[in-house]
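Worksheet for the structure shown next.
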Amino acid sequence: MNWLRRFMYGRYGTDQLSMFLFALFIIIFVLENFFRNTVVAPMLMVVSYLVILLYFFRCLSRNIYRRQAENQKFLRMWNPVKNYFKYLKMKFQERNGVKKLYRCPKCHQIIRVPRGRGKIAITCPKCRFEFIKKT
């Protein structure tokens, strides 16, 4: 086990982009098995190999600064997508619940307020902006 520690010393390792690439590889690999005897299978195989090679390149890279910059770019693109689906999940869960969701007009923070209270003044916990909404 010591040889692995010595080998990985000074290398970048995994981050969110690497984990996304690995999940993408798994998805493409499963799709490749579904389309085994079709024209699409060789193309999916090539794409899956490219994705896993990129994954290992990033994990074993010694250029830590560049890999961190790549991860930051990925997170700037990925976080709005992730937050949108998180918002949809919260909205679906609260559809028939006792809470209602609003977005702060100033900072766009999601705020949960009780249903059935009429018009109330809602104060954003993040930016302290106050607005009036009907619940």
Side-chain angles (χ1 to χ4, degrees):
M1 200 62 170
N2 231 1
W3 66 269
L4 183 61
R5 284 191 193 125
R6 281 194 310 266
F7 176 73
M8 288 302 290
Y9 183 77
R11 299 188 189 270
Y12 187 62
T14 60
D15 58 4
Q16 291 89 353
L17 177 55
S18 297
M19 297 312 286
F20 176 78
L21 289 172
F22 190 73
L24 183 64
F25 167 74
I26 297 293
I27 291 168
I28 294 172
F29 186 74
V30 169
L31 284 175
E32 179 186 332
N33 286 331
F34 279 124
F35 298 111
R36 182 171 296 170
N37 296 327
T38 64
V39 179
V40 181
M43 290 183 284
L44 287 174
M45 184 176 66
V46 169
V47 171
S48 69
Y49 286 154
L50 291 175
V51 169
I52 200 69
L53 283 174
L54 181 60
Y55 168 77
F56 281 118
F57 169 76
R58 285 184 47 76
C59 290
L60 300 176
S61 174
R62 290 186 182 262
N63 193 345
I64 294 173
Y65 178 75
R66 296 267 318 260
R67 301 296 87 80
Q68 286 175 341
E70 291 169 357
N71 190 46
Q72 289 301 317
K73 286 180 187 177
F74 168 73
L75 289 178
R76 274 194 297 266
M77 291 186 311
W78 179 249
N79 282 338
V81 173
K82 182 179 78 171
N83 290 338
Y84 175 73
F85 283 107
K86 185 177 175 183
Y87 173 72
L88 286 180
K89 178 183 172 189
M90 285 175 60
K91 196 169 187 173
F92 180 74
Q93 288 175 344
E94 298 295 332
R95 176 174 279 158
N96 296 325
V98 293
K99 302 281 186 181
K100 190 163 183 173
L101 299 177
Y102 287 107
R103 281 195 180 268
C104 173
K106 189 174 180 185
C107 68
H108 305 289
Q109 173 74 25
I110 298 172
I111 304 166
R112 291 175 24 169
V113 295
R115 283 185 185 267
R117 301 284 175 120
K119 281 190 175 182
I120 60 171
I122 302 168
T123 304
C124 176
K126 186 176 179 182
C127 68
R128 299 292 178 207
F129 181 75
E130 188 172 310
F131 56 99
I132 298 174
K133 290 284 185 176
K134 181 180 177 186
T135 64

Original post:
What do the steps show when you test K89 against F92 for side-chain contact (heavy atoms from CB on, under 4.5 Å), and what is the final call?
Top reply: CA-CA 5 Å; K89 178 183 172 189; F92 180 74; 5.8 Å; no

Original post:
Quick one: hydrophobic cluster around I64, which other residues, with the 4.5 Å side-chain cut-off, linked directly or via members?
Top reply: Y12

Subject >> R36: side-chain hydrogen bond (donor to acceptor under 3.5 Å, both in side chains) partners, not counting sequence neighbours >> reply: N33

Subject >> Which atom of R58 lies closest to which atom of S18, heavy atoms considered >> reply: NE-OG, 3.5 Å

Subject >> W78-F85 co-clustered via ILVMFWY side chain contacts under 4.5 Å >> reply: yes

Subject >> Steps toward side-chain contact (heavy atoms from CB on, under 4.5 Å) verdict (L88, Y84) >> reply: CA-CA 6 Å; L88 286 180; Y84 175 73; 3.3 Å; yes

Output a table of donor-acceptor pairs, distance under 3.5 Å, between side-chain atoms of residues 100-108 and any protein atom two or more places apart or on a different chain; print 'none' if there are none.
from: Y102; atom 1: OH; to: K134; atom 2: O; distance (Å): 2.4
from: R103; atom 1: NH1; to: H108; atom 2: O; distance (Å): 2.9

Acceptor/donor pairs from residues 40-56 side chains to any protein atom, 3.5 angstrom cut, sequence neighbours excluded:
from: S48; atom 1: OG; to: L44; atom 2: O; distance (Å): 3.3
from: S48; atom 1: OG; to: M45; atom 2: O; distance (Å): 2.8

**OP:** Could you walk me through whether I111 and F131 pass side-chain contact (heavy atoms from CB on, under 4.5 Å), step by step?
**Re:** CA-CA 12 Å; I111 304 166; F131 56 99; 3.9 Å; yes

**OP:** State the CZ-CG distance between R6 and N2, to the nearest 0.5 angstrom.
**Re:** 5.5 Å

Original post:
Counting only heavy atoms not in Y87, do more than 12 sit closer than 6.0 Å to its OH atom?
Top reply: yes

Original post:
Are F35 and I27 joined in one hydrophobic group, where the rule is that I, L, V, M, F, W and Y side chains link up if heavy atoms are under 4.5 Å apart?
Top reply: yes

Original post:
To the nearest 0.5 Å, what is the distance between CG (N63) and CZ (R11)?
Top reply: 12.5 Å

Original post:
Apart from Y9 itself, which Ile, Leu, Val, Met, Phe, Trp or Tyr residues share its cluster (side-chain heavy atoms under 4.5 Å, direct or through members)?
Top reply: none

Which side-chain N or O atoms in residues 112-129 pair as donor and acceptor under 3.5 Å with protein atoms at least two apart or in another chain?
from: R115; atom 1: NE; to: G97; atom 2: O; distance (Å): 3.3
from: R115; atom 1: NE; to: K99; atom 2: O; distance (Å): 3.1
from: R115; atom 1: NH2; to: E94; atom 2: O; distance (Å): 3.2
from: R115; atom 1: NH2; to: R95; atom 2: O; distance (Å): 3.1

Subject >> Interatomic spacing from CD1 in I132 to CD in E130 - rounded to 0.5 Å >> reply: 7.0 Å

Subject >> Euclidean distance, L60 CG relative to M8 CE, rounded to 0.5 Å >> reply: 5.5 Å

**OP:** Working to the nearest 0.5 Å, report the span between CG of L75 and CG of D15.
**Re:** 7.5 Å

**OP:** For the pair N71 (side chain) and L17 (backbone), establish whether a donor and an acceptor sit closer than 3.5 Å, ignoring hydrogens and angles.
**Re:** yes

**OP:** State whether the number of non-hydrogen atoms from other residues, nucleotides or ligands found under 6.0 Å of F74 atom CZ is greater than 12.
**Re:** yes

**OP:** Nearest 0.5 Å please: distance from the CZ atom of R67 over to the CZ atom of F57.
**Re:** 4.5 Å

